[in-house]
Amino acid sequence: MTFKAKTTTALAALIALGAGAASAQEIRFMCYSDGNECEVYDDVLTRFEADNPGVDVVVDVVPYQAILENLPVQLAAGSGPDMAKVTDLGGLAPYYLDLAPHVDRDYWEASFGDTLAWYRGAEGGDAINGMHSQLTITGAFVNATLFEQAGVEVPGSDATWEDWAEASRAVAEATQTPFPMAIDRTGHRFAGPAISYGAAIVAEDGTPTLSDEGFAAFTAQFVEWNNDGTMARDVWAGQGGATYQDAAQEFINGELVFYYSGSWQVGRMDEQVGDLFDWQVVGSPCGPAGACSGMPGGAGIVGFNATEHPEIVAAVIDFLAQEDIYAEVTARTRNLPAHLGVAEAGVEFEGASPAAAAALSAFAADLSDVAPSAFRYQGYANNRAMFGITAERVSQAIVGELSVEEAVARMATDLEAALADTQ
Amino acid sequence: MAQRGAGDGLALRVIAPVMRVVEIPMIGLQRVLGINRLAWVFLLPNLLLFGLFAFLPVILNVAYATTGGANVLLEARPQIGLDNFERLLDCANHLDPNTCREDKFWRAVWNTLWFVTLQVGIMVGFSLLTAIVLNGKIRARGFFRSVFFFPVLLSPVVVALIWKWMLQRNGVLNAFLDWAGIGGYNWLVDANWAFAWSVFLSVWAHMGFYTLILLAGLQAIPRDVYEAATMDRASPWRVFRRITLPLLAPTMLVVLVLALIKGVQTFDEVYAFTGGGPGTATTFIIQYIYEEGFAGSPRLFGLSAAASLLVAAVLVVLTLVQLWVNRKNVNG
């Protein structure tokens, strides 16, 4: 080939490449993983790409903190991704792309039911703003081996928080375990027991409160348990601000008898506890108000209205929402399904040990005990502010900077200020 | 007269044609603008960068401080005048944060004041002591100088993680105390201990820098003054009090002001170390600003900007003091 021919060929190849790049429609999907979610999405989306030539869905895996802190700022500045996996379901509602014009509304309403409302925020309406990709529920993990070693009977399904506190203390004392109980440091985890103690948190008319009698009662109980050694003080007192802190490592290390967290921890427990000890899920204990409620939650996949490719973004999310794909992702990521069809058909979790499968079933069974106010709280647009206020002020009460009464009063004024600031 | 080497000649041969090319538009510009205005042409790139990255953020900060709401876009934020400043300063008794509307701000202010007082005092004292020892004729002096300077080279997050690893419940220190039969302690869950260890960590991380400055100051003191004192049989304490301290005073003042400014700005290492806890025991003013503006919900950019302007006012005063001290030193 002559030099001229070589140059012409190279130029043609470059032009062809350029034309290809220009015609490819790139969708940026900001994703975080609790386990292997982003990896699985990346894999199943290759099928979507194969069915839709010219579409390239790039899964940008980011830390959870980036979803919480960077994404809202990016969206406000109009420079966010095309779609993302989010947990502030209602708080980001103003930025969501309404998928309704691009998807089969009947299928979505039949498949995702009430969870669709969680994505509508304060505005309400009937938009289809997101697909709830993983349903979570808070509940307790217990170290069954420690109970066995201590010769203490594991409390039954109607046991109260006080029953569990007493049993856990007895087990810890008998087995020289450092911590009887722990609850993740977040207002979300705190809400389940608070509701069981009678807190309304978000009333039926949508009014939020963090200072009613029930909330104050559990705050006082929780502070007392932190100060008398029933609760692992490290978790809530060992951090400042509204920083999240879990106690999973303590539980995995066998240093904790009763750990109140949630269904998303099952995979971690399954992998890391292994055969070190037997563990089981016991759901949410009951409170004096008669409820035995956990908090629902989870994550969902949403598109953003600033995207240049709304149809493609809707098509990608609709693809992930199809029953077969959703069932496959749920099985491979070992999450609870929010898709009613998938939940009804049942999920055979891939690679889950008998303990993990039993745990996921226990969490799924506990969903029926979730109080209506817990569902309302999860869908409430300003719940992030309330979670933060709870973590900060309860921690201050635990370390003695505020009395319980002062902490509850501060929570009321903080909430009032936060609501005024978000107007 | 200095000798020119072969390398200089080569450099001139390369540079001279380039300079001649550059000269042509410059001569034209000089004719149009005049020699005095031409200076602005040279200053322009730097002024633009400085304006973009220093002046503009300050102006934006002032603008945000006078707005409310949680929207990030300035044009979408309502003007509220000085409400954010009023909110921050609204207290029945400024000494008791519980009586303040923004109690977390005042807790952070008082924590910062205590921290700066302790950290600067201890750090300057230790730095002086270390500099004096390292200025003496000790064995392996170079090695020890490096050892004391080494922590300065570490990233603040690394410093925090090292000490967290040492001090956490299952950390190295507790393992040692258990081994020694003393029994461990949950250092970072106790408010007083967490604060004390934060001061220690900060001193450990930064004293090398100030030791270096003081060492330079010590080495600048003329030897003959000490020789004269030795001949007069002055005691070491007297030499220190009458010669070293007075002649080191200008350097000490610079160190003190620099350490004060740095102390007020403390954030990253303590944030990674304790997260500001237990409760708000180690929450300092910069963490408050960060959390209100960027980590909390809703994001109170206005309140955060107002708090940062109050801190900036304090830092400006400290910087002016430093400039005044420097000028005084230069002018003798």
Side-chain angles (χ1 to χ4, degrees), chain A residues 65 68-70 72-78 88 91 94 178-179 185 187 226 232-245 249-250 253 255 382-389 392-403 406-407 409-410 413-414 417-423, chain B residues 68-74 76-78 80 83-84 87 97-104 107-108 111 164 168-170 184 186-192 194 198 270-284 287-288 290-303:
Chain A
Q65 211 65 8
L68 283 184
E69 291 178 10
N70 302 358
V73 179
Q74 285 181 14
L75 293 172
D88 185 5
F179 306 119
R185 187 180 191 269
N226 268 277
R233 203 176 150 85
D234 296 42
V235 182
W236 281 68
Q239 286 295 326
T243 311
Y244 170 77
Q245 177 67 50
Q249 203 52 54
E250 283 78 1
N253 291 346
E255 296 177 313
N382 293 315
N383 62 11
R384 290 273 146 193
M386 295 171 76
F387 296 159
I389 290 167
E392 278 185 319
R393 296 305 185 182
V394 172
S395 297
Q396 283 186 282
I398 290 168
V399 300
E401 283 176 5
L402 298 173
S403 68
E406 284 170 337
R410 279 285 178 187
T413 53
D414 285 356
L419 294 178
D421 287 322
T422 49
Q423 290 304 309
Chain B
N71 205 311
V72 72
L73 300 174
L74 194 55
R77 298 173 59 81
I80 57 166
D83 283 6
N84 284 321
R87 181 170 166 178
N98 281 346
T99 65
C100 300
R101 192 168 153 203
E102 274 301 316
D103 64 320
K104 287 182 281 177
R107 284 181 197 282
N111 285 344
K164 201 170 182 174
Q168 63 194 9
R169 188 174 49 81
N170 291 330
N186 214 347
W187 306 101
L188 301 182
V189 176
D190 180 309
N192 293 329
S198 299
V270 177
Y271 185 65
F273 182 52
T274 61
T280 57
T282 57
T283 299
F284 301 125
Q287 184 180 338
Y288 171 83
Y290 165 71
E291 287 188 339
E292 291 301 316
F294 303 100
S297 177
R299 288 166 208 280
L300 303 178
F301 299 113
L303 196 67

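Residue numbers begin at 1 in each chain, while the letters A, B, ... track the order of the sequences.
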Check each atom of B/T280 against the heavy atoms of chain A and say whether the ones under 4.5 Å are side chain, backbone, both or neither. both
Whatever's closer than 4.5 Å to a heavy atom in chain A on B/R87 counts as side chain
Where A/G238 and B/V189 come nearest, the two heavy atoms and their spacing: CA-CG2, 4.3 Å
Rounded to the nearest 0.5 Å, how far apart are CD of B/E102 and CG of A/D414? 7.5 Å
In terms of heavy-atom pairs under 4.5 Å with chain B, which of A/V399, A/D234, A/N382 leads? A/D234
Heavy-atom pairs under 4.5 Å with chain B, option from A/R384, A/M386, A/E406, A/Q239 with the top count: A/Q239
Give, as side chain, backbone, both or neither, the part of A/E255 having an atom under 4.5 angstrom from any heavy atom of chain B. side chain
Pairwise distance OG1(A/T422) to CG(B/L300) - rounded to 0.5 angstrom: 9.5 Å
Highest number of heavy-atom pairs under 4.5 Å with chain B: which of A/G241, A/G78, A/S395, A/G91? A/G241
At a 4.5 Å cut-off on heavy atoms, which part of B/A295 comes close to chain A: side chain, backbone, both, or neither? both
Whatever's closer than 4.5 Å to a heavy atom in chain A on B/N98 counts as both
Answer key: most heavy-atom pairs under 4.5 Å with chain B among A/E69, A/Q396, A/E401 is A/E401
Tell me, for B/F273 versus chain A, whether the close heavy atoms (under 4.5 Å) come from the side chain, the backbone, both or neither. neither
Identify the heavy atoms of B/T99 and A/R410 that sit nearest to each other, and give their distance. N-NH2, 4.4 Å
What's the separation between atom CG in A/N383 and atom OG in B/S297, rounded to the nearest 0.5 Å? 8.0 Å
B/D103 portion near chain A, given a 4.5 angstrom heavy-atom threshold: both
Over all atoms of both residues, closest heavy-atom pair of A/D421 and B/P298: CB-CG, 4.1 Å
Spatial distance of atom CZ (B/F294) from atom CG (A/L68) [nearest 0.5 Å]: 15.5 Å
Option in A/G388, A/P72, A/A77 with maximal non-hydrogen atom pairs under 4.5 Å from chain B: A/P72
Taking all non-hydrogen atoms of both residues into account, name the closest pair between A/A76 and B/V72 and its distance. CB-CG1, 2.7 Å
Heavy-atom contact with chain A under 4.5 Å, split by part of B/P78: neither
Heavy-atom distance under 4.5 Å to chain B: side chain of A/L419, backbone, both or neither? neither
Among B/T282, B/D190, B/N186, B/L303, which residue has the highest count of heavy-atom pairs closer than 4.5 Å to chain A? B/N186
Which portion of A/E392 sits near chain B, non-hydrogen atoms under 4.5 angstrom: side chain
